[in-house]
Amino acid sequence: MSEVHIADLRNHVGETVTLRGWLYNRRSSGKLHFLEVRDGTGIVQCVVFKGNVAPETFAAADHIQQESSIEVVGLVKEHQKLKGQYEIDAKEVRVIAPVAREYPIGPKEHGTDFLMDNRHLWLRSKRQHAIVRVRHTIIKAVRDFFDGRGFTLVDAPIFTPNACEGTSTLFETDYHGDKAYLTQSGQLYMEAAAAAFGSAYCFGPTFRAEKSKTRRHLAEFWMVEPEVAFLDLDGDMRLAEDFIAFVVGRVLETRAEELKVLERDTTVLERVKAPFPRITYAQAIEILQKKGHPQAKVGDDFGGDEETVISSEFDRPVIVHRYPISLKAFYFKRDPGDPSLALNMDVLAPEGYGEIIGGGQREDDLGKLEAAIDAHKLPRAPFEWYLDVRRYGTFPHAGFGLGIERTVAWLCGLPHVRETIPFPRMLNRLAP
RNA sequence: UCCGGCUUAGCUCAGUCGGUAGAGCAGGCGGCUGUUAACCGCCGGGUCGCUGGUUCGAGUCCAGCAGCCGGAGCCA
């Protein structure tokens, strides 16, 4: 008699096995009880027939409460009606530990706030389980992609001494008497890493203290940021589209079951193949003017609405490049053909999921970079180490950052990023 | 920070014209040999967000506050 996981039951048909898990749901029909048991790898129906078990076991099986931990011994069979599904004909049912109080999350609907208060329990339900597994696969694919292309993982610090880009609101903390901030990006460190390793990436949490309360924002989110030496903007765009196509392909290959649970329409994901359409910022403004935003003009940044209008013109992610330099952070290189433009690019996901990648080619000229720091009214001293990247053998380089949660929301087809991370940190939520 | 909406049983919600609080699920008891958010019968369960006001009488009308949701702004 072997101990098995539910995901492996198909390999044990005809055997008597032991299963440990939690009671997910229970139905009853006279001399039959149906116990749905989950063990983290899946859910299986255990059939408790009065004639097959001890009388006291049969009576007790009808009173086990949801999420009690239990052990079932029984025969693995293919489901009588549903082909390809398996069930267990129970011989013994033992409660390992009953619930100490009624489990709060029932089979019917609940509100978001209630579920978020019970996030630690909500993770046990089918839908959340599917999302977390897709997230896992995305993160694994991200690492496999860069590792497979000779990138070196170079972790960036989370405590930083200064406001890197001088733009977003940062979380401030005390660092042995000095002010420190939680990082909003590892990018500047990746530029130093690119000089050391050629191709480098970091992957970790980043923090924004903005009072944003939208379906696309979290206070704590994860970002992957590659940076490559001797890469220009064109190469950066190719890297971004190959990368996204790889990640989407991996999820489609390995998480079909989870996407089905999430009722995700995968036909739109199957179209995500390189190359992606590329338009300039100026062309994006023209699209907006034609499609219901006549007031759009050069110099505007795009809100969620505008991103949706632009991306809905295309059947796959679209790359928008060469924004006005005035809209972008100080480190972007100017377009030699038009110095009012930055050599930057954003990737907008389809279906209104918005910007998932932002990046571009960096300014590699020491004098121009110093001037840009001054123009943005940033202090020079905290950036001395960063300027060293230009002082000691400067080189053209480019990179980008991809937000994991927005990517998970897009691939899972979720309306809000709050479900894309196990324990979200939002404007008004620090617990559980 | 601004605009709008919501707040009633453990959960999701209904509650008419201002007149003694309702359902489904969950829980308890019972029934049913194939159920799939099973079903059927019975039972227990309420500071109607908080504070104040109007009224003979407020879940219901008014004001303030709080929390949450959606959107805007800001941003990835």
Side-chain angles (χ1 to χ4, degrees), chain A residues 24-36 43-52 58-59 62-67 77 79-82 85 87 89 98-99 101-118 121-122 125-127 164-165 167-170 183-187 205-225 300-307 327-329 344 346-349 353-359 400-410 415-418 420-421 426-429:
Chain A
Y24 194 72
N25 198 5
R26 167 166 53 77
R27 292 177 292 273
S28 187
S29 178
K31 297 191 171 72
L32 286 168
H33 300 314
F34 300 95
L35 306 181
E36 274 193 274
I43 297 175
V44 70
Q45 169 170 284
C46 299
V47 183
V48 186
F49 175 53
K50 194 169 186 177
N52 287 353
F58 183 77
D62 200 26
H63 296 272
I64 303 171
Q65 285 194 50
Q66 192 187 357
E67 290 302 324
K77 297 157 73 167
H79 196 290
Q80 283 190 11
K81 292 184 196 166
L82 305 169
Q85 283 197 33
E87 62 179 20
D89 208 351
V99 290
R101 61 169 77 144
E102 190 184 314
Y103 187 68
I105 301 177
K108 294 253 176 165
E109 288 172 21
H110 298 283
T112 309
D113 191 45
F114 173 79
L115 289 169
M116 276 299 170
D117 283 342
N118 290 286
L121 303 175
W122 191 17
S125 60
K126 277 181 195 166
R127 206 180 141 73
C164 281
E165 302 178 14
T167 51
S168 332
T169 322
L170 303 182
T183 184
Q184 61 172 333
S185 165
Q187 190 215 304
T206 51
F207 308 87
R208 304 283 165 94
E210 287 132 12
K211 305 253 185 238
S212 293
K213 224 188 82 172
T214 80
R215 62 180 73 232
R216 306 187 309 282
H217 289 86
L218 295 168
E220 178 181 308
F221 66 101
W222 287 64
M223 200 152 56
V224 56
E225 295 174 278
D300 295 347
D301 212 342
F302 304 134
D305 245 25
E306 286 86 353
E307 289 176 352
L327 293 177
K328 307 310 290 184
N344 80 300
D346 284 354
V347 179
L348 306 183
Y353 283 97
E355 183 185 342
I356 50 171
I357 276 184
F400 60 80
L402 171 124
I404 291 294
E405 286 73 19
R406 287 187 181 178
T407 304
V408 176
W410 168 41
H416 200 299
V417 289
R418 65 187 158 213
T420 63
I421 185 166
M426 297 181 288
L427 186 54
N428 294 316
R429 182 168 295 281

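All values derive from a computational prediction rather than experimental measurement.
- Note on A:Lys213: a base of the nucleic acid sits closer than 4.0 angstrom, heavy atoms only.
- Partner assigned to B:C61 is B:G53, using Watson-Crick or G-U wobble distances below 3.5 angstrom.
- Distance check on atom P: B:G10 versus B:A66 gives 26 Å, rounded to whole Å.
- Looking at heavy-atom distances under 4.0 Å, A:Gly51 makes no contact with the nucleic acid at all.
- Remark: B:C6 base-pairs with B:G67. Criterion, Watson-Crick or G-U wobble with two distances under 3.5 Å.
- Dashed line: the shortest gap from a side-chain N or O of A:Arg27 to OP1 or OP2 of B:U35 is not under 4.0 Å.
- A donor-acceptor contact under 3.5 angstrom links the side-chain atoms of A:Glu87 to the base of B:G34.
- When heavy atoms are screened at a 4.0 angstrom cut-off, A:Gly30 is found touching base atoms of the nucleic acid.
- Look at B:U1: its Watson-Crick or wobble partner, with both distances under 3.5 angstrom, is B:A72.
- By the 4.5 Å heavy-atom criterion applied to side chains, A:Arg27 and A:Gln45 are counted as neighbours.
- Between B:G53 and B:A21, the two P atoms lie 22 Å apart (nearest whole Å).
- Atom C1' of nucleotide B:C74 and atom CG of A:Leu170 are separated by 13 Å, given to the nearest angstrom.
- One P atom belongs to B:G57, the other to B:G70, and the distance between them is 40 Å to the nearest Å.
- At a threshold of 4.0 angstrom between heavy atoms, the contacts of A:Phe49 include nucleobase atoms, whether or not backbone atoms are also involved.
- Going from atom CZ of A:Phe114 over to atom P of B:C11 covers 6 Å, rounded to whole Å.
- One C1' atom belongs to B:G44, the other to B:A26, and the distance between them is 13 Å to the nearest Å.
- Of the possible donor and acceptor atoms, one in the side chain of A:Gln66 sits under 3.5 Å from a partner among the backbone N and O of A:Ile105.
- The base of B:U33 does not come close enough to the side chain of A:His33 for any donor and acceptor atom to sit less than 3.5 Å apart.
- Across all strands shown, B:G34 forms no Watson-Crick or G-U wobble pair with both key distances under 3.5 Å.
- Between A:Val48 and A:Phe58, the shortest heavy-atom contact is O-CE1, 3.6 Å.
- Residue-to-nucleotide contacts include no donor-acceptor pair under 3.5 Å from the side chain of A:Glu36 to the base of B:U36.
- With a cut-off of 3.5 Å on both pairing distances, B:A14 has no Watson-Crick or G-U wobble partner at all.
- A:Arg216 comes within contact range of at least one nucleobase, with a heavy-atom separation under 4.0 Å.
- Side chain of A:Gln65 to main chain of A:Val99: no donor-acceptor pair is present (N/O by atom type, distance under 3.5 Å, no hydrogens or angles).
- Dashed line: the shortest gap from a side-chain N or O of A:Asn428 to OP1 or OP2 of B:C69 is not under 4.0 Å.
- Checked by atom type and distance alone, the side chain of A:Gln187 never pairs as donor or acceptor with a backbone atom of A:Gly401 at under 3.5 Å.
- One atom, NZ of A:Lys50, and another, C1' of B:C32, lie 11 Å apart when rounded to the nearest Å.
- Considering only side-chain atoms of A:Glu102, the nucleotide from B:G71, B:U33, B:G10 that sits closest is B:G10.
- Between B:C74 and B:G67, the two P atoms lie 25 Å apart (nearest whole Å).
- Looking at heavy-atom distances under 4.0 Å, A:Asp301 makes no contact with the nucleic acid at all.
- In this structure a side-chain-to-backbone donor-acceptor pair under 3.5 Å is missing from A:Arg26 to A:His33.
- Residue whose closest nucleotide on RNA chain B sits further toward the 5' end, between A:Glu307 and A:Phe34: A:Phe34.
- The residue A:His416 sits close only to the backbone: its heavy atoms come under 4.0 Å of sugar-phosphate atoms, none of a base.
- Put simply, the residue from A:Thr420, A:Leu402, A:Val417 that forms a side chain to side chain contact (heavy atoms under 4.5 Å, CB included) with A:Thr407 is A:Leu402.
- The phosphate of B:G28 has OP1 or OP2 within less than 4.0 Å of a side-chain N or O from A:Gln65.
- The phosphate of B:G70 (OP1 or OP2) has a side-chain N or O of A:Arg418 nearer than 4.0 angstrom.
- Side-chain nitrogen and oxygen atoms of A:His63 include at least one within less than 4.0 Å of the OP1 or OP2 phosphate oxygen of B:C29.
- Contacts of A:Ser28 with the nucleic acid, taken as non-hydrogen atoms under 4.0 Å apart, include base atoms.
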